[in-house]
Amino acid sequence: QVQLTESGGGLVQAGGSLRLSCTGSGRTFNNYAMGWFRQAPGKEREFVSAISWTGISIYYADSVKGRFTISRDSAKNTMYLQMNSLKPEDTAVYYCAAPAREHTGVVVTTSEYYYWGQGTQVTVSS
């Protein structure tokens, strides 16, 4: 069974940091682009960041640029999201995802993603 599992969420004060992890099981995601999304209560799921299979190409939503850093460790079949200078508006359930097919670059379109994790809650208090 192919699964993506997020971890690392929690409650943090504004200005604090968290690091999310996303580990794949059931297959390797090393040759696949991956991404992070988030969904706040009452809002649609939105794109946060994406990384190519090589880790060379990276893309961020404007709302997190300069504060979040995406990375991946192929040896561990794991992707990370380092979140610094967190704001209350970053509060959401964060999901990792991977497409069903290989891409040479980053994937920023939600519809291209096929595998999704169960999500991890991030709450930033003011």
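Residues: numbered from 1 along the sequence shown.
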Does Tyr113 have any ring pair (Phe, Tyr, Trp, His ring centres under 6.0 Å) partners at least two apart in sequence or in another chain, and if so, which?
Phe37

Side-chain heavy atoms of Thr91 within contact of Val122, under 4.5 Å
no

Note, Leu18 side chain near Leu86 side chain (heavy atom, < 4.5 Å):
yes

Kindly state each residue pair satisfying ring pair (Phe, Tyr, Trp, His ring centres under 6.0 Å) with at least one member in residues 49-83, sequence neighbours excluded.
Phe47-Tyr59

The remaining residues in the hydrophobic cluster of Leu11, counting side-chain heavy-atom contacts under 4.5 Å among Ile, Leu, Val, Met, Phe, Trp and Tyr, are none

Has Ser111 got a side-chain atom pairing as donor or acceptor with Thr109's backbone, closer than 3.5 angstrom?
no

Could you check whether any side-chain heavy atom of Glu6 comes within less than 4.5 Å of a side-chain heavy atom of Gln118, counting everything from C-beta outward?
yes

Are Tyr115 and Arg27 side-chain neighbours, meaning at least one heavy-atom pair lies under 4.5 Å?
yes

Heavy-atom side-chain proximity of Gln13 to Val124 below 4.5 angstrom:
no

Would you mind checking if Asp62 and Lys65 are paired as a salt bridge, meaning a charged N to carboxylate O distance below 4.0 Å?
yes

Evaluate the side-chain proximity of Leu4 to Trp116: yes if any heavy-atom separation is below 4.5 Å, no if none is.
no

Any Met83 side-chain heavy atom under 4.5 Å of Leu20 side chain
yes

Between Arg45 and Arg38, is any pair of side-chain heavy atoms under 4.5 Å apart?
no

Check for a donor-acceptor pair, side chain of Arg19 on one end and backbone N or O of Gly9 on the other, with a separation under 3.5 Å.
no

